[in-house]
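Reading through the structure tokens given below for one structure.
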Amino acid sequence: MLFRSSRARSGETGRRPVRTGGARGAPLAAMCVAGFVAMGLEVLQVRFLGSALGPYRAVFGLVLATSLGGWALGAAAAGRVPNRIAGPLLALAQPAVGLLALAGFLLHDPERLLRRQLADPSWSGQLSTALLTLLPAVLPAAIAMGAVLPLAARRALGPVGANLGALWSAQALGNTLGALVAGLVLLPALGLQGSTLLLVALSFFGGAIADRAARSFPLLLTGAIVVPLVLTQVLPADRLLWATFPAGRVREEGVRAVVEGVEQTLVVTGDAEGASRLWTNGHPMSSSSLHAQRYMRLMAHLPLLAQAAPKRALVICFGVGNTLHAASLHPLDSLWIADTSREILRASSLFQNSNRDVLADPRLQIGRAHV
């Protein structure tokens, strides 16, 4: 259990039991793991729903509002449970966080989302569509997340203020580490699906730490190993990744490359000998088709031809390189490209049939962060 009680040994019933120092490390470690998993999953939910609904501030705001509402509901419910079941519920709440977040991803249906978006394109219709997509993906896991700290506090025997402060600090430390590691390490290294399964495993492990003195400890510890392994075998590869893309369209065009990076998930579709399309976070952003090249190249030709003798040019956003290559055709002394994505610049070779390897132009200067 999270804290050991001395009541049974002393027989005292009138005084509040004193927390024993030997159990101090386990609850703090459990709360740190819980915070790590919770915030790591929040990062993955933002990536998932940002791809499915669009990388808009409104989507992020709705995800945050739903999460806060779920945390409040979970905390309010956990504050009312009897002390005698707080420990077992705490051990169950932590793996529930991982499993409910995974279920929210798996239940998302891109075809149903597309039908809803087309059925009512109005502002209110799009808002209701976003909420219907967000709520099952975020709210259940958020309720479980919100219950963890109050349940741990209900199990805290001794000075409640001191215990609560230590538990909250441990969870906050886990939150910070979870956000950083999930966004900067796990997503680029394991992708959305691999990162989710790893956090599911950690959620079981956190439950096992919290309930190390109970009968459920070996079951939870086994679940931390078995559940992710079974899910890895059962789920198709990149099941979660393709769920965030428009139904069927990516597969029909043919996938040439997939990169899940820090800034975005990048996918290149099309034909190596013909037109290719660049997708970022589930949305088609640029293409090397003749139709796309026509207007993208004009964005460079028109302003440069309007100048008597242009010497320098700055192109913001590389895309597939159409605009930058058009600018390079002019007799400029220097050429600059500004883009926030390393992955997009590194994928430029996949569009050489249209950009003619423009990044190798000796006049071109690129920000140091992208070299």
Side-chain angles (χ1 to χ4, degrees), residues 47 50-51 54-57 60 183-185 187-189 191 241 244-246 249-250 253-371:
R47 173 64 66 90
S51 295
Y56 308 123
R57 286 174 293 179
F60 175 78
L184 300 179
V185 180
L187 271 174
L241 171 65
T244 65
F245 281 73
R249 185 174 175 183
V250 173
E253 294 184 359
V255 179
R256 296 185 59 197
V258 177
V259 179
E260 294 187 77
V262 174
E263 289 91 357
Q264 74 279 303
T265 297
L266 181 152
V267 174
V268 177
T269 62
D271 185 356
E273 302 299 327
S276 296
R277 190 186 310 276
L278 174 69
W279 300 72
T280 58
N281 288 340
H283 295 268
M285 300 302 293
S286 190
S287 172
S288 61
S289 66
L290 293 178
H291 174 75
Q293 289 193 52
R294 181 175 59 185
Y295 80 87
M296 291 179 185
R297 290 180 177 276
L298 284 175
M299 289 192 293
H301 289 315
L302 290 179
L304 289 173
L305 290 173
Q307 305 296 319
K311 298 299 182 182
R312 300 182 300 273
L314 166 66
V315 177
I316 300 175
C317 295
F318 182 81
V320 302
N322 292 329
T323 305
L324 184 63
H325 177 253
S328 72
L329 299 177
H330 293 258
L332 302 169
D333 294 336
S334 63
L335 184 61
W336 292 75
I337 177 65
D339 200 298
T340 60
S341 173
R342 296 175 176 85
E343 289 79 18
I344 286 178
L345 292 175
R346 291 169 183 166
S348 63
S349 60
L350 298 173
F351 301 92
Q352 285 188 1
N353 61 336
S354 64
N355 66 39
R356 301 296 187 269
D357 197 20
V358 67
L359 291 183
D361 192 306
R363 299 168 298 170
L364 184 65
Q365 299 187 53
I366 309 173
R368 289 183 180 178
H370 307 298
V371 174

Residue pair [X] / [Y]: nearest heavy atoms and the distance that separates them:
X      : Y      : value
Gly183 : Pro188 : O-CD, 3.7 Å
Ser287 : Ala292 : O-CB, 3.5 Å
Ser341 : Gln264 : OG-NE2, 2.8 Å
Phe351 : Leu278 : CZ-CB, 4.0 Å
Gly319 : Ile344 : O-CG2, 3.4 Å

Listing, residues 295-306 side-chain donor-acceptor contacts under 3.5 Å, not counting sequence neighbours, or none:
residue : atom : partner : partner atom : Å
Arg297  : NE   : Gln293  : OE1          : 3.0
Arg297  : NH1  : His325  : ND1          : 2.9
Arg297  : NH2  : Gln293  : OE1          : 3.3
Arg297  : NH2  : His325  : ND1          : 3.2
Arg297  : NH2  : Ser354  : O            : 2.6
His301  : ND1  : His330  : NE2          : 2.9

> For Arg312 and Leu335, what are the C-alpha separation, side-chain angles and deciding distance, and is it a side-chain contact (heavy atoms from CB on, under 4.5 Å)?
Replying inline: CA-CA 6 Å; Arg312 300 182 300 273; Leu335 184 61; over 6 Å; no

Using modelled atom types only, decide if a donor and an acceptor are shared between the side chain of [X] and the backbone of [Y] within a distance under 3.5 Å.
X      : Y      : result
Asn355 : Val320 : yes
Asp339 : Phe318 : yes
Asn322 : Ser288 : no

Any non-hydrogen side-chain atom of [X] less than 4.5 Å from a side-chain atom of [Y]?
X      : Y      : value
Ser334 : Lys311 : no
Asn281 : Arg47  : yes
Arg277 : Val268 : no

>> Show, in sequence, the C-alpha distance, side-chain angles and deciding distance for Thr265 and Thr280, and conclude whether the side-chain contact (heavy atoms from CB on, under 4.5 Å) test is met.
In response: CA-CA 6 Å; Thr265 297; Thr280 58; over 6 Å; no

> Stepwise, does the side-chain contact (heavy atoms from CB on, under 4.5 Å) test hold for Leu364 with Ile337?
Replying inline: CA-CA 7 Å; Leu364 184 65; Ile337 177 65; 3.9 Å; yes

>> Show every ring pair (Phe, Tyr, Trp, His ring centres under 6.0 Å) that has at least one partner inside residues 255-288, sequence neighbours left out.
In response: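 Only Phe245-Trp279 qualify under ring pair (Phe, Tyr, Trp, His ring centres under 6.0 Å).
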
Under a plain distance cut-off of 3.5 Å, with no hydrogens placed, do [Y] and [X] share a side-chain donor-acceptor pair?
X      : Y      : value
Thr340 : Glu263 : no
Arg363 : Ser328 : no
Arg256 : Ser276 : yes

For the atom pair [atom1] ([X]) and [atom2] ([Y]), what is the distance rounded to the nearest 0.5 Å?
X      : Y      : atom1 : atom2 : answer
Ser51  : Leu241 : OG    : CG    : 8.0 Å
Ile316 : Thr323 : CD1   : OG1   : 11.5 Å
Gln307 : Leu332 : CD    : CG    : 10.5 Å

> Are Leu187 and Val262 close enough, and set up right, to give a side-chain contact (heavy atoms from CB on, under 4.5 Å), and what steps lead you there?
Replying inline: CA-CA 7 Å; Leu187 271 174; Val262 174; over 6 Å; no

